[in-house]
Novice: 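I am attaching a structure below and will ask some questions about it afterwards.
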Amino acid sequence: MSRAAAAARDTAGPSGAPAASSRPPAGAAGVPGAASGTAGPPPATAEVSPRAARLGAWAELLRLPALFTVPGDALAGAAATGARPGPRTLLAIGSSLCLYEAGMALNDWADRAEDAAERPHRPLPSGRIRPAAALTAAGVLTGAGLALAAGAGRPALAVAAPLAATVWAYDLALKHTPAGPAAMAAARGLDLLLGAAATGGGTRAALPSAALLGSHTLAVTAVSRGETTGGSVRAPLAALATTAALTGLVARRRTRLPAGRRAAAAPGLSGSPPAPTATEALTAALGAVYAATAARPYFHAALNPSPPLTQRAVGGGIRATVPLQAALAARSGAAATSLLVAALAPAGRLFARRSAMRKVSIT
């Protein structure tokens with residue numbers, strides 16, 4: 001969920017969130033997709049033990065701060081079904097996290113030759129992690145993700161299987177093709193549907209939310225293709241337009257007549273629309289946060305599509321994933337779930353600061 005749906009240049013905070021590159025959050029923006037290593041060599045620090053250094057290398061490979069963009073997929077999917085999140089929802093979240101991390105490890109394994117030339121500081125080309133170990137981790141994490149989905153029920157496994165296939169296809173074959181952004185978007189959308197299938201037993205009610213989240217991921221992934229080269233204003237302009245459209249769609253009120261009046265209602269009847277509910281106000285507020293988070297860096301990248309500003313645009317797009325997930329949950333009427341998802345943004349920011357991993361790239 002570059003890497004999947006749904007991940008990116010800065011962690012889920014104002015200064016940076018995992019960047020959504022071209023690979024599949026669930027997912028990666030985002031999505032269960034892989035994101036490559038950090039944006040630069042780690043800063044000089046005091047001597048650390050070999051064990052701590054190894055753990056740090058794995059944390060860098062797996063882009064741990066990016067994980068905070070993943071649970072919101074399943075929670076937004078669960079909210080779309082109208083059912084309360086439960087143990088099966090937790091299993092879906094666990095499955096999403098495993099598949100996302102599988103994409104991260106597989107991403108660096110697939111890009112090891114390219115990274116050796118362009119990003120030699122990353123865990124694999126620097127020799128801190130062996131390529132075979134990264135590939136093994138990707139396989140084990142994929143198996144764990146499918147097992148957790150199976151525990152959530154057959155409908156969940158029916159979604160997790162194509163999600164895992166999308167992650168592997170993206171990293172191994174589609175990432176550098178025109179189909180790459182679409183694959184990343186599909187992975188993030190499937191990740192949301194995984195939460196719906198696990199919680200409510202079906203995915204139909206969650207399809208609109210999956211389409212909105214997938215559209216956002218598609219836009220971010222298209223921008224991420226210029227992270228190292230820059231040069232194109234079309235991708236950030238398209239992402240800016242997509243953000244505006246999604247903000248309007250997410251915040252749009254759906255007026256419902258009382259049950260007894262639906263049959264009698266006729267076109268052209270006058271009347272004042274009902275006042276916004278607290279949940280609708282929350283949806284609008286989160287939609288505004290989403291727009292503010294994504295639009296400004298997109299605009300700057302459109303004015304000057306240099307690699308640094310393009311990287312910031314990708315980071316802004318990834319950071320915007322969390323408020324978008326929260327807005328989708330609120331739009332489905334799940335205010336408590338929405339606030340829980342929104343809380344993942346500051347939590348991810350705090351984790352990134354404490355782990356000294358504020359910059360995470362998905363390319």
Novice: Is a side-chain N or O of T283 found less than 3.5 angstrom from the main chain of A251, in a donor-acceptor match?
Specialist: no
Novice: Are V223 and F299 in one and the same hydrophobic cluster, where Ile, Leu, Val, Met, Phe, Trp and Tyr link if side-chain heavy atoms are under 4.5 Å apart?
Specialist: yes
Novice: Let me confirm one number: the CG-OG1 distance from L75 to T199, rounded to the nearest 0.5 Å.
Specialist: 8.0 Å
Novice: Can L350 be reached from V341 by stepping across I, L, V, M, F, W or Y side chains whose heavy atoms are under 4.5 Å apart?
Specialist: no
Novice: Kindly give the heavy-atom pair with the smallest separation between A80 and S209, and that separation in Å.
Specialist: CB-OG, 4.3 Å
Novice: Do you know which of R119, R128, R122, R54 makes salt bridge (Lys or Arg N to Asp or Glu O under 4.0 Å) with E60?
Specialist: R128
Novice: First locate atom CG of L344, then atom CZ of F351, and finally report the distance between them rounded to the nearest 0.5 Å.
Specialist: 13.0 Å
Novice: Under a 3.5 Å distance rule, please check whether T221 uses its side chain to pair with a backbone N or O of T217 as donor and acceptor.
Specialist: yes
Novice: Do V159 and L146 share a hydrophobic cluster (ILVMFWY, side-chain heavy atoms under 4.5 Å, transitive)?
Specialist: no
Novice: Going by an N to O cut-off under 4.0 Å, is there a salt bridge joining K175 and D111?
Specialist: yes
Novice: Taking L328 as the fixed residue, which of L246, D73, L286, V250 is the one that meets the side chain to side chain contact (heavy atoms under 4.5 Å, CB included) rule?
Specialist: V250
Novice: For P181 and T177, which heavy atoms make the closest approach, and how far apart are they?
Specialist: CD-O, 4.1 Å
Novice: Can you give me the closest heavy-atom contact between L99 and A164, atom names plus distance?
Specialist: CD2-CB, 3.9 Å
Novice: Q325 side chain to A76 main-chain N or O, any donor-acceptor pair under 3.5 Å?
Specialist: no
Novice: Compare every heavy atom of A152 with every heavy atom of A156, then report the nearest pair and how far apart it is.
Specialist: CB-CB, 3.8 Å
Novice: Are L282 and L324 connected into the same hydrophobic cluster when the rule is that any two of I, L, V, M, F, W, Y join if their side-chain heavy atoms are below 4.5 Å apart?
Specialist: no
Novice: Give a yes or no answer on whether the side chain of T81 reaches the backbone of A78 with a donor-acceptor pair at less than 3.5 Å.
Specialist: yes
Novice: From F68 CZ over to T321 OG1, what is the distance, rounded to the nearest 0.5 angstrom?
Specialist: 15.0 Å
Novice: With a 4.5 Å limit on heavy-atom distance, are the side chains of S224 and E227 in contact?
Specialist: yes
Novice: Output the distance between atom OG (S96) and atom CD (E101), rounded to the nearest 0.5 Å.
Specialist: 11.5 Å
Novice: Of all the heavy-atom pairs spanning A210 and L192, show the shortest one and how long it is.
Specialist: N-CD2, 3.8 Å
Novice: Using atom types as modelled and distance alone, determine if a side-chain donor or acceptor of T337 lies under 3.5 Å from a backbone N or O of A334.
Specialist: no
Novice: When rounded to the nearest 0.5 angstrom, what distance separates CH2 in W58 from CE in M104?
Specialist: 14.0 Å
Novice: Could you check if a side-chain atom of R349 sits within less than 4.5 angstrom of a side-chain atom of P65, using non-hydrogen atoms only?
Specialist: no
Novice: Is there side-chain contact between R296 and R312, with heavy atoms separated by less than 4.5 Å?
Specialist: no
Novice: Would a 4.5 Å heavy-atom cut-off, applied to side chains only, mark W109 and L172 as touching?
Specialist: yes
Novice: Say you draw a straight line from CG of L67 to SG of C98; how long is it, rounded to the nearest 0.5 Å?
Specialist: 9.5 Å
Novice: Apply the test side-chain contact (heavy atoms from CB on, under 4.5 Å) to residues R130 and L124: give CA-CA distance (whole Å), side-chain angles for both, the deciding distance (0.1 Å), then the verdict.
Specialist: CA-CA 6 Å; R130 292 181 297 108; L124 267 61; over 6 Å; no
Novice: Can you name the closest pair of heavy atoms from T293 and P323 and give their distance?
Specialist: OG1-CG, 4.5 Å
Novice: With side-chain contact (heavy atoms from CB on, under 4.5 Å) as the test, would you mind laying out the steps for L106 and L141 before giving the verdict?
Specialist: CA-CA 10 Å; L106 186 63; L141 286 165; over 6 Å; no
Novice: Treating S95 as the side-chain partner and L91 as the backbone partner, does any N or O pair qualify as donor plus acceptor under 3.5 Å?
Specialist: no
Novice: If Ile, Leu, Val, Met, Phe, Trp and Tyr residues are connected whenever their side-chain heavy atoms lie under 4.5 Å apart, and connections chain through other members, are L193 and L218 in the same group?
Specialist: no
Novice: Under 3.5 Å, is there a donor-acceptor pair between the side chain of S126 and the main chain of P123?
Specialist: yes
Novice: Could you go step by step and tell me if Y298 and L309 meet the side-chain contact (heavy atoms from CB on, under 4.5 Å) rule?
Specialist: CA-CA 8 Å; Y298 286 157; L309 289 180; over 6 Å; no
Novice: In terms of side-chain heavy atoms, does H216 have a donor or acceptor partner in T242 at a distance below 3.5 Å?
Specialist: no
